[in-house]
Visitor: 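Structure provided below as structure tokens; questions to follow.
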Amino acid sequence: NLNVSDSYFIGNGVDGVSGTIGIQNGGEAVIDNTVFDSNIGYGGAGLVVFDGGIATVTTSEFKNNTSSHGGGAMAVTDGGGSSGSTATIDTTAFTENTAETNGGAIYISGSDSNVEITGSEFTKNNATTNGGAINQSSGTVTISDSTFSGNTADGEHNSAYVVGGGAIWTGSGAVLNITGSDFSGNKSNASGGAIAFSGSNGIWDDLTFTNNESISGGAVYVGNSAVD
């Protein structure tokens with residue numbers, strides 16, 4: 001197991017390799033009061049949690065990280081294995097991270113993966129395709145008391161499937177629950193200025209949407225999904 005606190009990770013990584021820190025196969029990491037700045041990687045330039053890894057991140061900051069695949073700052077995936085991964089994120093800022101595909105800040109996949117986000121800020125993150133801040137292709141994500149502002153997804157409209165999600169994009173079978181959170185000034189070039197919710201399920205409560213923008217669904221696009 002790994003415990004990291006009061007630390008800085010700056011300018012690390014190699015394009016084509018994932019993560020400044022990688023956690024897998026039941027390994028656990030606790031990261032507190034730590035900054036990930038200007039790191040690069042294939043997916044999750046700052047932190048990759050995969051194939052059953054477990055991570056807890058508190059009062060930390062991910063900024064200016066760049067991924068050539070999914071998750072400019074962080075990726076939480078099954079890694080192609082049989083076990084989902086788990087991440088708990090509290091009071092953490094994701095600022096100006098970039099993914100050259102999906103999930104400007106965080107990329108999530110794996111039906112058994114689980115991510116909980118509380119009291120965190122996602123600001124000016126960008127994905128060239130889907131999910132300016134978060135791309136959730138599957139798994140369960142629970143978000144509370146968080147803010148999403150000025151995030152952008154640059155993917156163009158595609159009649160074959162839903163593209164966009166200025167702040168959040170979800171895929172078929174994903175579960176996204178959100179409470180007490182604000183979405184402002186997010187933008188998609190296709191669907192869902194704040195959220196593109198496609199083939200997914202979730203419970204949303206006490207949310208505020210302000211000045212979000214897209215071609216279809218200025219705040220939210222819901223396609224073949226169920227939201228309570």
Visitor: Within the side chain of Asn186, is there an N or O that forms a donor-acceptor pair under 3.5 Å with the backbone of Asn151?
Guide: yes
Visitor: Kindly compute the distance separating OG (Ser137) from CG (Asn102), expressed to the nearest 0.5 Å.
Guide: 8.5 Å
Visitor: Distance check, rounded to the nearest 0.5 Å: Asn39 atom CG versus Ser67 atom OG?
Guide: 11.5 Å
Visitor: What I want to check is whether the side chains of Asn126 and Thr152 have a donor and an acceptor closer together than 3.5 Å.
Guide: yes
Visitor: Does CG belonging to Asn189 count more than 12 external heavy atoms closer than 6.0 Å?
Guide: yes
Visitor: Do the side chains of Ile23 and Leu47 get nearer than 4.5 Å, heavy atoms only?
Guide: yes
Visitor: Please report the interatomic distance CZ(Phe183) to CZ(Phe209), rounded to the nearest 0.5 Å.
Guide: 5.0 Å
Visitor: Is any side-chain heavy atom of Glu28 closer than 4.5 Å to one of Thr56?
Guide: no
Visitor: Quick one: does any side-chain atom of Thr128 pair with a main-chain N or O of Ala153 as donor and acceptor, under 3.5 Å?
Guide: no
Visitor: Quick one: does any side-chain atom of Asn125 pair with a main-chain N or O of Phe94 as donor and acceptor, under 3.5 Å?
Guide: yes
Visitor: Identify the two heavy atoms, one from His69 and one from Thr101, that lie closest to each other, and give their separation to 0.1 Å.
Guide: O-OG1, 2.6 Å
Visitor: Are the side chains of Thr123 and Ser149 in contact, using a 4.5 Å heavy-atom criterion?
Guide: yes
Visitor: List, one per line, each side-chain donor-acceptor pair under 3.5 Å for residues 174-182, sequence neighbours excluded.
Guide:
unit_1: Asn177; atom_1: OD1; unit_2: Ile203; atom_2: N; d: 2.9
unit_1: Ser181; atom_1: OG; unit_2: Asp145; atom_2: N; d: 3.4
unit_1: Ser181; atom_1: OG; unit_2: Ser146; atom_2: N; d: 3.1
unit_1: Ser181; atom_1: OG; unit_2: Ser146; atom_2: O; d: 3.4
unit_1: Ser181; atom_1: OG; unit_2: Thr179; atom_2: O; d: 3.0
unit_1: Asp182; atom_1: OD1; unit_2: Thr208; atom_2: OG1; d: 3.4

Visitor: For the residue pair Gly103 and Ala99, what are the closest heavy atoms and their distance?
Guide: O-CB, 3.3 Å
Visitor: Just by distance, do the side chain of Ser85 and the backbone of Gly52 share a donor-acceptor pair under 3.5 Å?
Guide: yes
Visitor: Evaluate the side-chain proximity of Phe62 to Thr92: yes if any heavy-atom separation is below 4.5 Å, no if none is.
Guide: yes
Visitor: Checking Thr86 now: which residues fulfil side chain to side chain donor-acceptor pair (under 3.5 Å) with it, not counting sequence neighbours?
Guide: none
Visitor: Could you tell me the separation between the CZ atom of Phe148 and the CG atom of Asn212, rounded to the nearest 0.5 Å?
Guide: 11.5 Å
Visitor: Taking side chain as C-beta onward, heavy atoms only, is Ile54 less than 4.5 Å from Val49?
Guide: no
Visitor: Using only atom types and a distance under 3.5 Å, with no angle test, would you say the side chain of Asn64 pairs donor to acceptor with the backbone of Asp37?
Guide: no
Visitor: Would the distance check show the side chain of Thr91 and the main-chain N or O of Ser120 forming a donor-acceptor pair, the cut-off being under 3.5 Å?
Guide: no
Visitor: Pick from Asn130, Ile134, Val220: which one makes a side-chain contact (heavy atoms from CB on, under 4.5 Å) with Ile168?
Guide: Ile134
Visitor: State yes or no: do Ile10 and Ile40 share one hydrophobic cluster built from I, L, V, M, F, W and Y residues joined by side-chain heavy-atom distances below 4.5 Å, directly or via other members?
Guide: no
Visitor: Could you state whether Val4 and Val30 fall into the same hydrophobic cluster, counting links through intermediate Ile, Leu, Val, Met, Phe, Trp or Tyr residues with side-chain heavy atoms under 4.5 angstrom apart?
Guide: no
Visitor: Any donor-acceptor pair under 3.5 Å linking the side chain of Ser198 with the backbone of Gly171?
Guide: no
Visitor: Heavy atoms, side chains only, cut-off 4.5 Å: are Thr77 and Ser109 in contact?
Guide: yes
Visitor: So, Asn114 versus Thr140: side-chain donor-acceptor pair below 3.5 Å or not?
Guide: no
Visitor: Check whether any side-chain heavy atom of Phe36 lies under 4.5 Å from a side-chain heavy atom of Met74, and answer yes or no.
Guide: no
Visitor: Indicate yes or no: at least one non-hydrogen side-chain atom of Asn65 is less than 4.5 angstrom from one of Thr20.
Guide: no
Visitor: For the residue pair Lys63 and Val35, what are the closest heavy atoms and their distance?
Guide: CE-CG1, 4.2 Å
Visitor: Out of curiosity, Glu213 CD to Lys187 NZ, how far, rounded to the nearest 0.5 Å?
Guide: 4.5 Å
Visitor: Same hydrophobic cluster for Val115 and Tyr107, using side-chain heavy-atom links shorter than 4.5 Å among ILVMFWY?
Guide: no
Visitor: Write down the atom of Gly104, the atom of Ala127, and the distance for their closest heavy-atom approach.
Guide: N-CB, 3.7 Å
Visitor: Where do Ser138 and Gly110 come nearest, in terms of heavy atoms and distance?
Guide: OG-N, 2.8 Å
Visitor: Under the side chain to side chain contact (heavy atoms under 4.5 Å, CB included) criterion, do Ser184 and Asn211 qualify, and how do the steps go?
Guide: CA-CA 6 Å; Ser184 64; Asn211 296 327; 5.8 Å; no
Visitor: On a heavy-atom basis, which atom in Gly165 and which in Ala196 lie closest, and how many Å separate them?
Guide: N-CB, 3.6 Å
Visitor: In Å and rounded to the nearest 0.5 Å, what is the CD1 to OG1 distance from Ile31 to Thr58?
Guide: 9.0 Å
Visitor: Is Trp204 linked to Ile108 within one hydrophobic cluster, defined over Ile, Leu, Val, Met, Phe, Trp and Tyr using a side-chain heavy-atom separation of less than 4.5 Å?
Guide: yes
